[in-house]
Every structure is written in C-alpha cells, then in structure tokens.
Amino acid sequence: MEIPAKYQHTKAENKWYNYWLDNQFFHSTPDEREPYTIVIPPPNVTGVLHMGHMLNNTIQDVLARRARMEGKNVCWVPGTDHASIATEAKVVNKLREEGITKDQLTRESFMEHAWEWKEKHGGIILEQLKKLGASCDWERTRFTMDKELYDSVIKVFIDLYEKGLIYRGVRMVNWDPVAKTAVSDEEVIHKEEQSKLYYLRYQIEGEEDYITIATTRPETILGDTAVCVNPNDERFTKYAGKKCIVPLVNRAVPIIQDEYVDIEFGTGALKITPAHDENDYEIGMRHKLETIDIFNDNGTLSEAAELFVDKDRFEVRDLIIPELEKAGNLVKIEDYTNKVGYSERTDAVIEPKLSAQWFLKMSELAKPALEHVMNDDIKFHPAKFKNVYRHWMENIRDWCISRQLWWGQRIPVYYFDNGEYVVASSIDEALRKAEEKTGKTYTEADLCQDEDVLDTWFSSWLWPISVFNGINKPDNKDINYYYPTNDLITGPDIIFFWVARMIMAGFEYRKEIPFKNVYFTGIVRDSQRRKMSKQLGNSPDPLDLIKEYGADGVRVGILLSAPAGGDLLYEDSLVEQGRNFTTKIWNTFRLVKSWNAEDKSQPKYAATAVAWFEQKLAQEASKLNEQLKSYRISEALMTAYTLIRDDFSSWYLEAVKPPFGEAMDRTTYDASVNFLEQLMQLLHPFMPFVTEEVWQLLREREDGESLMVTTLPNYTNEDASLLEDIQVAQEVVTAIRTIRKDKNIGFKEELTLTVSHEIPCTEVIEKMGNISETTVTGEKPEQSIGFTVNNTSCYIPMTGAIDIEAERKKITEELDYTKGFLNSVTKKLSNERFVNNAPEKVVAIEQKKKADAEAKIAELEAQLKAL
RNA sequence: GGGCGAAUAGCUCAGUUGGUUCAGAGCACCUGGUUUACACCCAGGGGGUCGGGGGUUCGAAUCCCUCUUCGCCCA
C-alpha cells in the first residue's frame, strides 16, 4: 500500500470515527465486566462548543478510552440540559423577530415554539463533540426535559415536599428584571464597581433640623419606611422616638434604633427600604415596618413609588438627584466602590425583591454530602477544593427552586379555594388529594396549577441517577450496574451549582455517592489571562482549530498545559505543538514501514537497543499508568510524548537503523513493529485518530478490528539493568556530538574512542557516534580531546592540532567544581550530629557521593598530568 | 470585612512523608546542520538568591511566623 508522505487528518478523522460508530464500540450494555461510567456535564442546549468544552471533553475522552483499553465496560453518557432562562430568552427573541410577544401566546403554544427551537438547534453541540473524537455512547443521549427525566424531577419534588423539605414562602429573592424571574444565590455574580455615595438629609418632623443618611441607591428612597441609627450612637439619641420626612414624597417615617447599623459607615444613619434590601427587610421585620414595593417586575417604578412611575430604575437614579437638590435634600456626593450583583444568565443588575417562591431546605441534605467529601469517599482533584466546598456546605442557605418561566418542569402544585393547595403528579391525583383534604368535590376547573417552573439545576442535580432512570425505577438493571459513576470532570465554577447538589441527591435517592472522583479542570483563558468570551472575540472557534491542526493536535495542545485546577492559557503555539507531534508520529511510522526485513543475523547494537527499549517501554508505561491513576493527565501525556519523540525516534530508531540500502534483520524488524504498536496503544487515549490510522496500516487487520478495543498488556519492569547502562552510553554519545560540533567534524567522518575503563554498550556508542573502534587503555592518546563520563576518562584522537591550554582549562574547571563538591560532602560527613541523626540510608548516599567524587578527582588529575 | 489558595527559568507549570548532583519539564531563546522518516525536523547550548525577612532542624523550594503581591469564594 502506498503511504502518503503527509498525514491527512481530516480524512482519517472521518473514516475512523464512522468506523467506531459502525462497529458500536462506544455503546455499552451491562455485562459481567467491571463498569466504568462517566456522565457528561450536560452542556446548555442552546450552546455551541467553546474551548472550555474542548478541555473538559478531551479529558473525559482520555479517561474513557483508557478505561476501555484496561478491559472495563465503559459507558460515557452524553446529553444536554434545557437551560430554562437562556433557552426561553432565545425563543422569546426569535418570536419577537416574527412580531410575536410572549404574552400573546398561551403556555401550550409557547412550549411548542420552544420544542421546535430545541429540535432545530439543540443537537449542534453534541455533533461538534463528535469532531473532537468523543467516544460517548450516543444511543444513551439524554435531555433534561425528556419524559423520563422530566418525570424524575416531578417525582423528586413531590417526595421532598412530602418529607417536609420543600416549602413555599415570601422571601427576599434575587430578581432578574430582564428574565423576569427569581434566581438562586448561586446565579448572582457580584462585581466591584465605581459608583457614588449620595448624602441626603431628611427633615425631622415638625422641626428645622435634619438627619443625614448615605445611600448608593437614591431612587429607593421612594420606598423608605424608616431611618435607623445605632442605639449606642450618642449623636442621634436626641432623635429617638421622633419621625422624619422622606424627601419628595413627604412621608413621615419613624427613626428607629437597631444595633445592625455601623456607626462608622457613612453618617451613621441608615435609610430603611424593607422591600428592596435584604438587611432592610430583616430590620423591617424586627421593627414591624411597612413594606412599599416600588418596582415592577421589569425594573421600572410602580404606582407605589408615586413619582417617576414606569421609568427605569437607572433612569430614575439620574432624574431624582436634581429633584433632591432642588428640594434642598442633597448634601454631597462621594465616589464609592461597591459590589453589585448581576444575573449570571442575562447580565441584568439583580433587584432584591420580596416574592413568594418555593425553597428547598438544605441543612439536612448537606450533612452526608459534606461528610463523604471530607473523608475522601469522594475524592476531589486537586484536593484544595475540599476547603472551598466545606466552607459553602457549612454556611449553606435554602435553595430557591422556582423560576417565573414556562420552559422547564412545571411545579406540580395545584391551588384551589383561595390559597389551599395540594402537590400531585397529575391533575387527577390533585383532584383526589384536594377532595381528601377538604371532603368537598372539585372539578378540573376548580384547580389551578402553579405557573412557575423549577430551576434547571433541580434537573441537573439528579443527572447521574436520572440518565439511568434510577428515580422512576430505582431497581433497574442499568442504574444497578452503572451507578455510582466513576469520574466527574467539571469546572470549579459550578462546584456549588451542581457538584455539591449531585452529591446531596445521590445520598437522598441512592444512599450512595454519585461518583468516586471529581476532577476540576481549569478555566481556558487567553495569553493575557483574560477569560475567553464572545464579546472580547478572543476565543478561537474549536471547529476551525480542528480543521487546521487536526483533532489530535488540538487535543494534545489543550492537554499539554492543563494541570488539574490550573487555568489554561491558550495560544496557537500549543495546538501547533500538537500538530507537529502528530506529524512526528506519522514520520516515525513511515520510517518503520519503509524497512525491509530479511532473514539474517541480528547486529549486536540492534540486540542491545531492542533489549533496552523493552525495559524503557515497561518503565515509562508504568509511570504513565501512575500518572493517570492520580489524574495527572498532562504529565501522562508528556510521558508518552517524550517516550515516542526522544527515546523511540531519536535513540531507538537511530540505533537499529540499518546501513543505507541494506535490509533489516527480521528479529529487529518484528521488535520495532511491536514497539510502535504498543506505543500507539499507550498514546491512543490522547490522540485517538492518528494512532488508529497508524495501527491499522502497521499490519494486515481484519474488518472490525480496532486499536481502541485492544487491551493494554501488563507491563512489569523486572529487569531494568540496561537502563543505567544506556544512560552512560547516551552521555558518551552526547559528548562525542559536542566535540564534533566544536571542532566542525561532520557526522560522516569516522572517529575512534579511547577509554580508561570498560564502558557498557560500546556497540551502541559506536553506531550512534560513528566510532570505528573503541580501545580500553590507561594511556591518553597523543593529540586527543578528553571528557569524563561515569568516572571514566574518554578521549577522541584528533588529526589537527589540539589547543592544550583550552583542554587544561576545561579539566581544571571541572576539577575545581568536583573538589568543592567533595569538600561539602566531607564536611557533612564529619558533622557528628548529621551522622548520628540522619537515617543510615542518607548517610550511605553521602558516602557514595564522596567515593565517586574522589574517583572522579583522581581521573581528572590523571588527565591533567597526561596533557 | 471574613475565608481559601497561590508566588519556583522569559512564559506555563511539576517538585508526593524535609534527605540521591534537587533546583526540574514543556514552550520560548541562542548556535550549528540540504545525514535519502521528519525543517511541522535533527544535534548542541545558555538561563532561576525557589516573592522578601525571620525561625525550627545535622539538613528547608518543602515545616512554622511575618510582610508584600496576585487570584478565587463568601458577606
């Protein structure tokens, strides 16, 4: 077969991915083998692939492919979540372009539009993952709104409600005025901002005296129902029990005292707006204050504000200041830095707002979830995230799970008779429960289902269970076999949103951990450490990268600089390195393939090289195994990288290469093909395509065979004797190459070597250094350049003149260094406290260092004398 | 304001219980090279007071204290 000089990655990627699919290699069904399960962190169904997904899914694929080659039954479940806020926003936008607003539609017809949108756009990201080589079991693809998963969510809501863990309450929530829904605490991102602190004076009722407050939100004064001071603040004791007048609206409100107020901050007097600030709300509760909600759901001012009605809250902030100034209430304005909460989904400024929502009590659920992470039943990689996790778990707050949206699981609560309600999985069940509850008879028309849906994370937290239908059918074959899953690969940014809650759900519904290991990836940034974002335009399109550098190249590029939990600074040079390595493998393959084997005796150098590489391969394979087992994925890749590039290509292949035009002996040839085959196996999880291509071309293969379903051999490195010997030989060869370079002697010119003692593997040294003869003698040859390796003097005789002074200088320098070293070792050994306290082993090492240094000094002195 | 983490070569990072010549890797850099697998390459090379200071120890990149700077989370 003709082997092309250049590896054609796109062709190979399409060919082999389809081949794997056709042969069902990704598909898993329970059997007697040990399972290895990963559930994908479901990407947002509205999303397209970005660099973060690339990193995350490459790691999952490495682990999945490796486990498959270890003989495990691997099941990697793909899927997407319904992303209620994001998807609903997209559907609303699309409808708007068609001239339709959401409130013109019924809930049912809106849902039809949403499903239509999902069918059209929802599969994109999963198709993109295939280009990366992801070995997911596509037959198991799940979506959080699929019937089984939808029903699971409803079942869990009802169950938790019945256990008394879900309650409805009027609370201060984070209101997103763009999405017009409540969001959870975790969905609020606090950003530091330059803003202003406004000092406003409120007149004391009936007096020509004023009390000055400081606020960052002057527009909210319209909702003020008190001014509060600290009871210990003597400046304000004279106002106790009095009232003051809220400017512009001229409402008299009490001046109250509460220790919450910080005497040092601002003026020491605080305006209280119970409807629009969490702390104010609590103070309001304590002092039984009136609550005036001055905002509409979309962030404009309501009738209750009296002024600026229907104007936006930020517009009002600008409008109200001149009015306050005109009225004589503005004292001063200062620059001020504060933190403002933004909606994670819409980037709107969050408005604290009182509203009735559904909450899940967290304290009991958190207990086992905390314990089993702290005791390492679930291991975090890197472990430093345990601290972050503990802190959150120990200060956990109830979870607001209702959202004022339509796209999602509708809350299974039915209201009737002015505020009575029942929780039921269907209207029929609701009717029955309602009748049981009151003894009356109802029709469907009497019942009204809650308009709201559940938070998307309330679906995602069940994911490792619900993808196997383990909520609806807790004893089915799949859940029993695949659960708990093995590894979860995710970003640290969703440790609370998702990881923590999955652990809680795992214990609540399976009495077991949902996964054994959590691997936190870093965040992909650009070379200036900025997060990749569409706005900045600093994120490359992953599919373009794959097209240009190949999927394998991109995978390698992204893994090379991605230690667990550490950010990845993306640059094109990384994927270039990946592409270059792909090419290197291809050329290595072409060289091996170009050799002709015939029956003849094996040269000694080849026999030594084969024996050495066998040991080297075993050593590096077990190192790689250790690295993967401890989730040092980029280090494992680097092990394979240097093994192939340096040890195999630069040393082994050069050592066994037959003289130009000659055939190779069959023993060496077979060994070389074997080695390359095994290297492809080791590398396959990282670079699935090029390794499969090489593996398929390396020998005749049957249809249906594939590298990806081969099993890794057990590497045992019982005889590592040659490893040190070759290392010495490599040092000698390097020294010879340096001399060639210094003296401008081309590789083709043969040299001879004289050594003071026998050195190992001279046949390899001769081959690699183009040495015609090695002589062992205590005599230094005339006209030669020397170097020392392993306490042996080596000389290369020269035809030209030798710079004696330069030689002397070189040796003297090395001698001085070694003497200095010997001195420090001797000092250490003559320190009684060291000899008495240090372990024997350490002392023995020092003694060996001493002996070695002395031998080397003797050798160097002999060299000097010989000059 | 509270908590957590980090600081090692120009860059990105390893460095496991303190002890092999431990100061490392990759990239970048410098020098040489038309060796018939590969210039997307090969060969050779330079480069760090392990953030500053103090302490424990026979011995500290590693443990303790402190300061500085940066990052993340929470309020």
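Chain naming here is simple, since letters A, B, ... match the order of the sequence lines and numbering starts at 1 in each. Only this structure's heavy atoms are used, side chains among them; waters, hydrogens and symmetry mates stay out.
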Shortest side-chain distance from A:Asn387, nucleotide among B:A37, B:A14, B:G5: B:G5
Rounded C1' spacing from B:A6 to B:A43 in Å: 39 Å
Residue A:Thr588, side-chain heavy atoms: nucleotide from B:A37, B:C40, B:G45 that is nearest: B:A37
Aromatic ring proximity A:Phe385/A:Phe380, centre distance under 6.0 Å: no
Sugar-phosphate only, base, or nothing, as touched by A:Ser650 at under 4.0 Å among non-hydrogen atoms: sugar-phosphate
Validation row: A:Ile495, A:Pro492 side chains within 4.5 angstrom (heavy atoms): no
Per A:Lys748 side chain, nearest of listed nucleotides B:C42, B:A25, B:U35: B:U35
Closest nucleotide among B:U20, B:A14, B:G44 to the A:Glu635 side chain: B:A14
Touch class at under 4.0 angstrom, heavy-atom based, for A:Arg645 against every strand present: sugar-phosphate
Among B:A75, B:C27, B:G44, the nucleotide that comes nearest once only the side chain of A:Lys339 is considered: B:A75
Most 5' of A:Asn744 and A:Phe660 on RNA chain B, judged by nearest nucleotide: A:Asn744
Touch class at under 4.0 angstrom, heavy-atom based, for A:Lys657 against every strand present: base
Along RNA chain B (nearest heavy atom to each residue), the more 5'-positioned of A:Asn395 and A:Val835: A:Val835
Distance-only donor-acceptor test (3.5 Å): side chain A:Glu654, base B:A37: yes
B:U31 base / A:Lys741 side chain donor-acceptor hit below 3.5 Å: yes
Salt bridge present between A:Arg217 and A:Glu351 (N-O < 4.0 angstrom): yes
Sugar-phosphate only, base, or nothing, as touched by A:Arg579 at under 4.0 Å among non-hydrogen atoms: base
Length of the line joining A:His391:NE2 and B:C72:C1', which is rounded to integer Å: 13 Å
Pairing partner of B:C70 (Watson-Crick or G-U wobble, both distances under 3.5 Å): B:G5
From B:U12, B:C73, B:C41, nucleotide with atom closest to A:Phe496 side chain: B:C73
Watson-Crick/G-U partner (both atom distances under 3.5 Å) of B:C63: B:G55
Of the listed nucleotides B:G45, B:C4, B:C40, the one nearest the side chain of A:Thr734: B:G45
